[in-house]
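First the structure, in the form of structure tokens, and then the observations on it.
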2 protein chains.
Amino acid sequence: MDTPTTRVSILEVSAELYADLGYSAVSMRDIAKKVGVTPANLYHHFKGKDDLIREALAHVFAEKTAPIAALLNEKHDEAERLGIFIAYFVKLLAEDRVFFRLLVRELVDGDENRLGYLARSVLERPFRLISSLAGPGQSEDQQFLATVSIVSLVLGHALLAPLLPHLPGGRPDHSDASVVIGHVTAALSRAFHSNGNDK
Amino acid sequence: MDTPTTRVSILEVSAELYADLGYSAVSMRDIAKKVGVTPANLYHHFKGKDDLIREALAHVFAEKTAPIAALLNEKHDEAERLGIFIAYFVKLLAEDRVFFRLLVRELVDGDENRLGYLARSVLERPFRLISSLAGPGQSEDQQFLATVSIVSLVLGHALLAPLLPHLPGGRPDHSDASVVIGHVTAALSRAFHSNGNDK
DNA sequence: GTCTATATTCCGATAGAC
DNA sequence: GTCTATCGGAATATAGAC
């Protein structure tokens with residue numbers, strides 16, 4: 001808020017380099033060079049590398065989370081809302097490489113504190129929505145597992161995307177957002193939206 | 001098994017540390033210290049850090065891939081074989097932290113060469129099996145997408161496991177292998193093993 | 001095959017001028 | 001707020017004795 005330009009530039013560059021290279025591989029020198037300032041300047045705006053990366057993460061997550069909240073506040077049929085969320089989530093992971101890689105890095109490398117923050121800031125709201133739509137007639141545990149499965153499907157397709165061209169019968173367009181959305185939506189309606197009992 | 005050679009010890013320690021910390025964060029000093037040799041010794045057995053990590057990766061993947069191949073050669077009913085593979089895959093990802101993290105790191109950070117190797121060495125064989133079982137009456141593309149979804153489900157549950165306790169209604173035992181196996185198997189039979197058409 | 005010793009580069013971080 | 005200059009340490013990697 002105080003001095004937007006340099007500080008925000010640092011945050012965005014940091015998020016991008018961290019998403020691409022990981023924590024240890026990105027250096028303060030790299031960030032400073034790409035921003036166009038000196039390394040010492042970074043320490044004026046942030047306490048250190050740890051603080052900088054943490055804030056960069058929060059910056060990107062906050063930025064990408066807002067549309068989800070807005071999306072969930074729209075008035076729609078419940079089943080429709082699930083489809084809308086899935087479409088947004090698939091597109092987000094497919095088109096925003098930085099956000100996707102930050103998310104996966106946190107899931108793999110994040111400690112308890114960071115995972116807690118991730119859950120609260122990004123995933124809790126959509127998680128509640130999906131839970132209410134996933135297998136309405138089932139037990140709480142089954143709803144929870146179904147929700148994890150829905151997120152897993154979207155996340156997995158994004159994670160496996162670069163691998164698909166190397167698999168037998170695979171083509172890059174198997175990861176196109178429209179293809180994934182259609183496939184996942186159809187699969188989910190069969191798996192979790194029928195009146196089946198899960199055991 | 002006879003006394004492990006120094007070379008194999010180096011490979012196993014390297015895989016473990018790399019899985020935990022990532023490429024840049026693990027140092028030749030760390031590896032040497034944990035193995036019980038000097039850093040210079042590592043350069044006698046391997047050309048450099050790049051070469052060492054690459055070989056460590058191949059070592060672990062080869063080790064974990066063999067049981068899958070054996071599994072697929074057993075004589076079973078086809079639907080049964082899918083269940084057996086899923087159970088093995090879920091357990092592998094849940095119990096072998098090193099393998100799981102190596103797999104995800106490759107998916108996120110691997111270049112084309114490494115992804116090609118990963119596809120050929122680990123994923124191609126199970127992928128072919130699952131493809132033949134996933135929606136037998138459907139088009140080749142639908143079979144392919146269904147297979148990606150099956151892998152996504154298992155991978156996603158493993159990836160999201162550490163996050164579950166932080167989500168509303170989540171408990172650590174939602175990631176227990178037996179729970180995930182039961183849930184995923186049931187969901188898959190509804191989503192991809194019925195005679196549904198996907199669109 | 002394993003060691004000691006070291007070359008060289010890069011890292012995060014700080015002090016202080018402007 | 002941004003810079004120049006630099007410190008102390010750790011990184012990969014090599015040379016050569018045993």
Side-chain angles (χ1 to χ4, degrees), chain A residues 1-60 101-102 105-106 108-111 113-114, chain B residues 1-60 101-102 105-106 108-111 113-114:
Chain A
M1 290 296 186
D2 303 314
T3 50
T5 51
T6 301
R7 184 187 162 87
V8 172
S9 295
I10 293 172
L11 288 175
E12 289 170 352
V13 166
S14 299
E16 185 183 339
L17 288 178
Y18 169 59
D20 275 346
L21 305 172
Y23 184 86
S24 298
V26 55
S27 69
M28 300 296 270
R29 284 169 166 82
D30 290 340
I31 296 169
K33 186 174 184 179
K34 189 159 187 175
V35 173
V37 296
T38 58
N41 189 286
L42 302 182
Y43 291 89
H44 170 76
H45 293 280
F46 304 93
K47 287 188 301 183
K49 185 176 178 180
D50 244 40
D51 183 57
L52 171 55
I53 298 299
R54 189 179 298 267
E55 293 229 40
L57 203 75
H59 177 76
V60 171
R101 293 173 72 111
L102 289 180
R105 280 198 201 286
E106 283 305 293
V108 174
D109 292 326
D111 58 21
N113 287 336
R114 292 173 83 124
Chain B
M1 296 298 183
D2 26 26
T3 306
T5 65
T6 300
R7 182 188 162 87
V8 172
S9 296
I10 293 172
L11 287 175
E12 288 171 351
V13 166
S14 300
E16 186 183 338
L17 288 178
Y18 170 60
D20 276 347
L21 305 171
Y23 184 86
S24 297
V26 55
S27 69
M28 299 298 267
R29 283 171 160 82
D30 292 340
I31 296 170
K33 187 174 183 179
K34 189 158 186 175
V35 173
V37 296
T38 59
N41 189 284
L42 303 181
Y43 290 89
H44 170 76
H45 292 279
F46 303 93
K47 288 188 300 182
K49 185 177 178 180
D50 243 41
D51 182 58
L52 171 55
I53 297 299
R54 188 179 298 267
E55 294 230 37
L57 202 77
H59 177 76
V60 170
R101 293 174 71 111
L102 289 181
R105 279 196 202 288
E106 283 305 292
V108 175
D109 292 326
D111 58 21
N113 287 337
R114 292 173 84 123

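Throughout, a chain's letter reflects where its sequence line sits, starting with A, and its residues are numbered from 1. Here the structure is a predicted model, which is why all the values come from computation and not from measurement.
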[X] has an atom [atom1]; how far is it from atom [atom2] of [N], in whole Å?
| X | N | atom1 | atom2 | value |
| --- | --- | --- | --- | --- |
| B/Asn41 | C/dG1 | CG | C1' | 7 Å |
| B/His45 | C/dC3 | NE2 | C1' | 12 Å |
| B/Phe46 | C/dT2 | CZ | P | 11 Å |
| B/Asp50 | D/dA13 | CG | P | 8 Å |
| B/Lys47 | D/dT14 | NZ | C1' | 16 Å |
| B/Lys49 | D/dT14 | NZ | P | 15 Å |
| B/Tyr43 | D/dA13 | OH | P | 4 Å |
| B/Asp51 | D/dT14 | CG | C1' | 16 Å |

Polar atoms only, N or O, under 3.5 Å: list the protein pairs with nucleotides 16-18 of chain D and their distances.
none

Separation between [atom1] of [X] and [atom2] of [Y], rounded to the nearest 0.5 Å:
| X | Y | atom1 | atom2 | value |
| --- | --- | --- | --- | --- |
| A/Glu106 | A/Leu57 | CD | CG | 4.5 Å |
| A/His59 | A/Ile10 | NE2 | CD1 | 12.0 Å |
| A/Ser24 | B/Tyr23 | OG | OH | 12.5 Å |

Ignoring hydrogens, what is the shortest heavy-atom contact between A/Met28 and A/Leu42? Give both atom names and the distance.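 Looking at all heavy atoms of both residues, the closest pair is O-CD1, 3.3 Å.
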Between A/Glu55 and A/Arg7, does any side-chain N to carboxylate O distance fall below 4.0 Å?
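Looking at A/Arg7 together with A/Glu55, the answer is yes, because their closest N to O distance falls below 4.0 Å.
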Open item on the list: Between A/Asp109 and B/Arg101, does any side-chain N to carboxylate O distance fall below 4.0 Å?
Closed with: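 B/Arg101 and A/Asp109: salt-bridged.
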* Is any side-chain heavy atom of A/Ile31 closer than 4.5 Å to a side-chain heavy atom of A/Lys49? ->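 No - every pair of side-chain heavy atoms lies 4.5 Å or more apart.
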Exercise. Is the shortest side-chain N/O distance from A/Thr38 to OP1 or OP2 of D/dC3 below 4.0 Å?
Worked result: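 So the side chain of A/Thr38 is within the cut-off, an N or O lying under 4.0 Å from OP1 or OP2 of D/dC3.
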**Study point:** Donor-acceptor side-chain pairing of B/Asp30 and B/Ser27 below 3.5 angstrom
**Key:**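 A pair is found: one side chain offers a donor N or O, the other an acceptor, under 3.5 Å apart.
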Note to self: Measuring from the side chain of B/His44 (C-beta onward, heavy atoms only), which nucleotide among C/dG1, D/dT2, C/dG12 has the closest atom?
What the structure shows: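 In terms of side-chain proximity for B/His44, the closest of C/dG1, D/dT2, C/dG12 is C/dG1.
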* **Of residues 22-34 of chain A, the positions that come close to DNA chain C - non-hydrogen atoms, cut-off under 4.0 Å** =>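 Those residues are A/Val26, A/Ser27, A/Met28, A/Arg29.
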- prompt: Can any side-chain N or O of A/Arg105 pair as donor or acceptor with the backbone N or O of A/Ala19 at less than 3.5 Å?
  reply: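 Yes: the side chain of A/Arg105 pairs with the backbone of A/Ala19.
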